[in-house]
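Computed from a predicted model, the values in this text were never measured in an experiment.
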Amino acid sequence: MSPQEQRCPFRGNSIQEASGPTRQGKPPRVVIVGAGIGGLTLAQGLRKAGVSVAVYEQDTASGLRHQGYRVPLHPPSLHALEQTLPADHLGWLRASLQEWKPSRTVSERLETLLLSTAAISGKRESSYSIDRLTLHRLLSAGLEDAVHHGKVFERYEERDTGEVRVHFADGSSVVADVLVGADGTTSRVRRQLLPQHAEQLDTGYRELTGRMLLTPDTRREIEAVGLESQVLVLDKASAMLVLSRQEFRAGAAHACAAPGPGADLPPDHVAWGLIAPTAHFARAGDGERVDVGVLKQIAFETARTWHPALRRMIERTPPSHLGLNPLRTAVPHAHWGTRPVTLLGDAVHGMVPPREHGATITLRDALLLAQRLIGVSEGEKSVIAALQAYETEMLPYAFKAVSESHATLKQMMEGSRFARGAVHQALKAMNGLLGAASRVLPASAPRN
């Protein structure tokens with residue numbers, strides 16, 4: 001075994017279809033559109049159980065979208081990955097994790113308003129984070145023969161046989177028993193399946209994103225103000241700032257993240273997102289015409305009375321690291337009636353960021369759908385019955401998360417300066433009560 005293979009045991013290896021007792025049912029042929037976290041996790045779970053699966057991705061190469069931030073993995077997400085990944089991936093998954101410490105909410109002067117309940121009480125299982133690129137590489141490993149890049153989904157057609165023919169922009173097509181749209185918030189599969197629910201709701205807010213590189217000086221400064229994993233800054237005017245410390249461990253864990261020697265991995269940084277009403281950013285333009293210089297000026301003006309550490313973070317963010325994104329959310333709706341076409345992740349339940357639900361719900365979808373489709377192979381259900389079982393279980397928990405995330409955004413952003421000041425006082429009072437309770441009630445022991 002080469003040194004590279006020793007450092008990255010699954011690189012270049014092809015996962016073999018699971019062997020076992022003869023299947024009583026007919027294994028479905030599954031086509032997945034979209035090679036993101038959800039689509040690849042589903043593919044790994046199906047391949048592990050010997051179900052035929054192919055993934056079609058519009059990007060021309062794996063990992064082309066170098067997004068450069070870490071994904072929080074709470075216990076349900078880790079469980080989903082452990083259930084779907086092959087055994088020889090799990091050690092590398094664990095080696096790539098970093099502890100994700102509980103978040104806290106602070107004022108614009110960095111006064112603590114609320115620690116998360118878990119941070120106060122100690123009643124929690126450990127949560128972690130993983131570099132998105134590392135996770136994508138890990139999920140792609142072993143699926144080289146199943147993932148097809150440069151394939152833009154165009155449309156599908158249902159056949160009298162119950163099959164689905166999937167057409168791509170290059171003129172090619174493929175026939176499957178199940179089509180899964182895992183192609184994100186602008187899903188083309190959803191647009192055809194649910195044209196009446198194709199558009200997402202514009203919340204009326206935009207997020208100005210940026211990142212400040214971590215140097216010895218900036219690292220000391222953020223540690224001095226208590227930024228460990230994530231901090232939510234809630235000001236008394238009309239803005240909210242989300243800070244997330246993003247560190248990418250060098251060494252063994254990145255042998256699988258990197259496409260080759262000397263690869264350009266994300267530098268350690270603090271990712272930040274300034275959320276405010278759309279009108280707050282109007283003079284910077286929108287879309288491809290946005291003026292990043294004006295965006296930085298707007299950020300400075302917004303933070304003029306904030307803690308100096310927050311202002312310096314904005315000052316140290318290069319304009320090239322700034323972007324402006326609309327915050328859109330799915331609108332909960334009733335079950336659409338099961339077809340041999342279904343949706344997964346943001347393609348069905350895209351949500352706004354405050355509650356960190358997105359990755360957790362997507363991985364839950366992938367595990368649930370994998371289990372239902374494996375049941376078809378084992379003769380438990382027909383394809384349609386399996387998809388209906390998935391959809392009717394998924395929609396309530398997913399749309400609950402969508403509604404909670406949107407409600408949280410509105411609660412944090414709406415109201416006058418006086419009302420937001422009252423929110424600050426209420427959060428501090430809650431924090432005091434939770435702290436007092438934690439000193440009386442015993443903390444539960446963490447699960448190994």
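- Side-chain atoms of Glu163 and Thr161 include a donor-acceptor pair closer than 3.5 Å.
- Proximity of Asp365 to Tyr390: side-chain heavy atoms (C-beta onward) are separated by under 4.5 Å at one or more points.
- Here the straight-line distance linking atom OG1 of Thr185 with atom CE of Met351 works out to 11.5 Å at 0.5 Å rounding.
- With hydrogens and angles ignored, the 3.5 Å screen pairs a side-chain donor or acceptor of Thr302 with a backbone N or O of Ile298.
- Using modelled atom types, one side-chain atom of Thr218 and one backbone atom of Leu213 make a donor-acceptor pair closer than 3.5 Å.
- Between the Lys381 side chain and the Gln388 main chain, no donor and acceptor come within less than 3.5 Å of each other.
- Here Asp170 pairs with Lys151 under the salt bridge (Lys or Arg N to Asp or Glu O under 4.0 Å) rule; sequence neighbours left out.
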Exercise for review: Take Arg159 and Asp177 through the test salt bridge (Lys or Arg N to Asp or Glu O under 4.0 Å) and record every step on the way to the result.
Suggested key: CA-CA 10 Å; Arg159 308 174 77 183; Asp177 300 302; over 6 Å; no
Point to revise | Phe153 vs Leu179, side-chain contact (heavy atoms from CB on, under 4.5 Å): CA-CA, chis, key distance, verdict | key: CA-CA 11 Å; Phe153 170 83; Leu179 168 62; 4.3 Å; yes
Practice item. Please lay out, stage by stage, how Val294 and Arg283 fare under the test side-chain contact (heavy atoms from CB on, under 4.5 Å). Key: CA-CA 7 Å; Val294 175; Arg283 73 176 193 268; 3.8 Å; yes
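- Checked by atom type and distance alone, the side chain of Asp291 never pairs as donor or acceptor with a backbone atom of Ala284 at under 3.5 Å.
- Every residue was checked against the ring pair (Phe, Tyr, Trp, His ring centres under 6.0 Å) condition with Tyr156, not counting sequence neighbours, and none meets it.
- Between the Asp59 side chain and the His149 main chain, no donor and acceptor come within less than 3.5 Å of each other.
- Looking at Leu368, Val189, Val180 one by one, the single match for side-chain contact (heavy atoms from CB on, under 4.5 Å) with Leu344 turns out to be Val180.
- Closest approach of His74 to Ser127, counting heavy atoms only: ND1-OG, 2.9 Å.
- Residue pairs meeting the salt bridge (Lys or Arg N to Asp or Glu O under 4.0 Å) criterion with at least one member in residues 328-348, sequence neighbours excluded, are Glu158-Arg339.
- Glu157 meets the side chain to side chain donor-acceptor pair (under 3.5 Å) test with His167; sequence neighbours excluded.
- Distance check: Ile275 CD1 to Met240 CE gives 3.5 Å after rounding to the nearest 0.5 Å.
- Take Glu82 and apply the side chain to side chain donor-acceptor pair (under 3.5 Å) test, not counting sequence neighbours, and it matches no residue.
- Side-chain contact of Arg165 with Ser173: a donor-acceptor pair under 3.5 Å is present, judged by distance alone.
- Here Arg219 pairs with Asp268 in a salt bridge; the nearest charged N to carboxylate O distance falls below 4.0 Å.
- Counting only distance, with no hydrogens or angles, the side chain of His349 and the backbone of Ala401 share no donor-acceptor pair below 3.5 Å.
- Every residue was checked against the ring pair (Phe, Tyr, Trp, His ring centres under 6.0 Å) condition with Tyr128, not counting sequence neighbours, and none meets it.
- Exactly one of Leu81, Leu78, Leu42 qualifies for a side-chain contact (heavy atoms from CB on, under 4.5 Å) with Leu363. That residue is Leu81.
- Taking Gln83 as the reference, His79, Leu367 meet the side-chain contact (heavy atoms from CB on, under 4.5 Å) condition, with sequence neighbours excluded.
- For His197, the ring pair (Phe, Tyr, Trp, His ring centres under 6.0 Å) test picks out His333, with sequence neighbours left out.
- With Glu378 contributing its side chain and Val376 its backbone, the two residues share no donor-acceptor pair below 3.5 Å.
- Under the salt bridge (Lys or Arg N to Asp or Glu O under 4.0 Å) criterion, the residue pairs touching residues 392-403 are Arg372-Glu393, Lys400-Glu404, with sequence neighbours excluded.
- In this structure a side-chain-to-backbone donor-acceptor pair under 3.5 Å is missing from Glu154 to Ala169.
- Pro28 approaches Val51 most closely through the heavy-atom pair O-CG1, 3.4 Å.
- The salt bridge (Lys or Arg N to Asp or Glu O under 4.0 Å) analysis of residues 189-203, with sequence neighbours excluded, yields the pairs Arg191-Glu199, Asp202-Arg206.
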Practice item. Could you walk me through whether Leu310 and Trp272 pass side-chain contact (heavy atoms from CB on, under 4.5 Å), step by step? Key: CA-CA 10 Å; Leu310 299 177; Trp272 57 269; over 6 Å; no
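- Distance CG/Leu241 to CG/Asp235: 9.0 Å, rounded to 0.5 Å.
- Side chains of His406 and Thr329: no donor on one and acceptor on the other come within 3.5 Å.
- Scanning for ring pair (Phe, Tyr, Trp, His ring centres under 6.0 Å) contacts around His148 gives Tyr56, with sequence neighbours left out.
- By the side chain to side chain donor-acceptor pair (under 3.5 Å) test, Thr338 pairs with His335, Glu391, sequence neighbours left out.
- For the pair Val178 and Pro340, the minimum side-chain heavy-atom distance is 4.5 Å or more.
- Test Val30, Leu46, Thr342 against Leu369 for side-chain contact (heavy atoms from CB on, under 4.5 Å) and you get one pass: Thr342.
- When atom types are taken as modelled, the side chain of Thr134 and the backbone of Ile130 share no donor-acceptor pair closer than 3.5 angstrom.
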Exercise for review: List the steps and the verdict of side-chain contact (heavy atoms from CB on, under 4.5 Å) for Ile314 and Leu274.
Suggested key: CA-CA 10 Å; Ile314 295 171; Leu274 176 64; 5.9 Å; no
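- No donor-acceptor pair under 3.5 Å is formed between the side chain of Thr60 and the backbone N or O of Gly150.
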